[in-house]
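Order of listing sets the numbers, starting from 1, for every ligand and every atom in it.
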Amino acid sequence: MSVVESEEEEIGMFSSRMDNIEQSGIRKIFGMADEKSIHLGIGEPDFNPPPHIAVALKEAVDAGYNKYSPVLGLPELREALVGRMRRFKKDVTVDNIMVTMGASSGLALSSMAFYEPGDEILLPDPGFVFYKPHSILYKAKPICYALRHEHNYIPQVDEINELVTKNTKAIITNSPSNPCGSTFPKDVVRGIIEIAQDNNMVVISDEVYDEIIYEGEHHSFLGDYENVVHLNSFSKTFAMTGWRIGYMVSSPDIIEHISRLQYYAIACPSTPLQRACLAGLQGPKDFIADMVSHFKHRRDVIVDRLNAIDGFSCLKPTGAFYVFPSYDFKIDDTDLTMHILKAGVVSTYGSAFGDRGKGHIRFSYANSVENIEKGMDIVRDAVSELERN
Ligand SMILES: Cc1ncc(COP(=O)(O)O)c(C=O)c1O
């Protein structure tokens, strides 16, 4: 062994930050699916972006929008986003907005900007798979607040208040929720904001499903409290998960700080794609309402189908495009997911979203009614042989 090799072994090639970072449960299962599987696993609309947006992308490339954009994003797109965000915060200006590479990069940069070793970060359990690894990366301590079946997966403000300590730096919120499909009522949003204000905490609010709501309206965390980082995205709204464009809305000071990180991480978001998203914001929006009405019908189908299978109990989600049924089969959630996968349906095991996800599995209903029906036939037959508790 050469000197260099032995030194490498001692020092370790990967940083200690990587020690507890594992592949996400969603991707693990996705990687095991075959072409014949029915996909109710990954959360992405099965639609295409509306034609006027695709045309605008081609036009942008042809017109020479192929260079770096400003780090904060194209001014014309930020301006158009001001119009969109005023429904949540009346005094928003372009200084409050940065375009990102999907909400994913906004989440990653926020954790980089705020988390320090020893900080406590409040996050939902079950919650989206990014939140915990982000806090672990920066040696901050994830502290979970519960989303429970008996509370319609809506957090309890008093419980959150009890989890706050002098080390609490931030709370992550996600409404509509992935994986639960719950939407937080106004008083819960207000209650969490009050806790954050009283304790000088940052609120990192992931609102990527804000347009995918079936009952009531969306209540944003964005408002008068300065230390809210609102993360949003075109991925779901315009059915363009592969395009990787999102945005962050926060105080000018936070935006200015995080834009410095954005430069060193990605330089800028893709320029032609930003032009195409601008066309999406300026053009007709009936596509979104149409997509949401399809999702609503599919939700009704999958909820009815699951509740008709002995052993599953499924709430009716009010937003996003996931159902998160609990079950009483004598099998853990990873094995149940594998069992269903072998039968031909991709889902995600509940514990991929946190300890409280045990005893649940997540199905995404961003698939045709025909596939959902076929998938539910397969699930029904596959679980019929399982023992119940
Ligand atoms: C809750 C939540 N936040 C963020 C993301 C990532 O969004 P984007 O495609 O904008 O990076 C997802 C994607 O599934 C999500 O479900």
Atom indices of ligand 1 within 4.0 angstrom of Ser233 heavy atoms, with elements: 8 (P), 10 (O)

Distance from atom 2 (C) of ligand 1 to nearest protein heavy atom, with residue and atom: Asp206 OD2, 3.3 Å

Criterion ring-ring contact (aromatic ring centres under 6.0 Å, His included) against His218, the qualifying member of Tyr209, Phe88, Phe184: Phe88

Check: His149 ring centre within less than 6.0 Å of Tyr153 ring centre: yes

Are Glu370 and Arg298 ion-paired here, with the side-chain N under 4.0 Å from a carboxylate O? no

For Asn178, the atoms of ligand 1 under 4.0 Å from one of its heavy atoms are 1 (C), 15 (C), 16 (O)

Taking side chain as C-beta onward, heavy atoms only, is Arg275 less than 4.5 Å from Leu57? no

Would you call Glu159 and Arg148 a salt bridge, taking side-chain N to carboxylate O under 4.0 Å as the test? yes

protein heavy-atom neighbour closest to atom 12 (C) of ligand 1 works out as Phe128 CZ, 3.4 Å

Is Arg244 close enough to touch ligand 1? Criterion: a residue heavy atom under 4.0 Å from a ligand atom. yes

Does any N/O atom on Ala103 come nearer than 3.5 Å to any N/O atom on ligand 1? yes

Go through ligand 1 atom by atom and flag the ones less than 4.0 Å from a non-hydrogen atom of Ser235. 8 (P), 9 (O), 10 (O)

Would you say Tyr209 touches ligand 1, if touching means a heavy atom closer than 4.0 Å? yes

Hey, would you say the Phe114 and Tyr138 ring centroids sit under 6.0 Å apart? no

Using a strict 4.0 Å cut-off to heavy atoms of Gly102, name the atoms of ligand 1 that fall inside it. 10 (O), 11 (O)

Pair Lys236 + Glu44, salt bridge at N-O below 4.0 Å: no

For ligand 1, is there an atom lying under 4.0 Å from some heavy atom of Val208? yes

Salt bridge (charged side-chain N to carboxylate O under 4.0 Å, His left out) against Asp304, all qualifying residues, sequence neighbours excluded: none

Measure centre to centre between the rings of Phe312 and Phe329, then say whether the value is under 6.0 Å. yes

Write out the residue and atom name of the closest protein heavy atom to atom 6 (C) of ligand 1, then the distance separating them to 0.1 Å. Ser104 OG, 3.4 Å

List ligand 1 atoms under 4.0 Å from Asn174, heavy atoms only on the residue side. 1 (C)

Protein contact to atom 13 (C) of ligand 1 [nearest heavy atom, distance to 0.1 Å]: Lys236 NZ, 2.9 Å

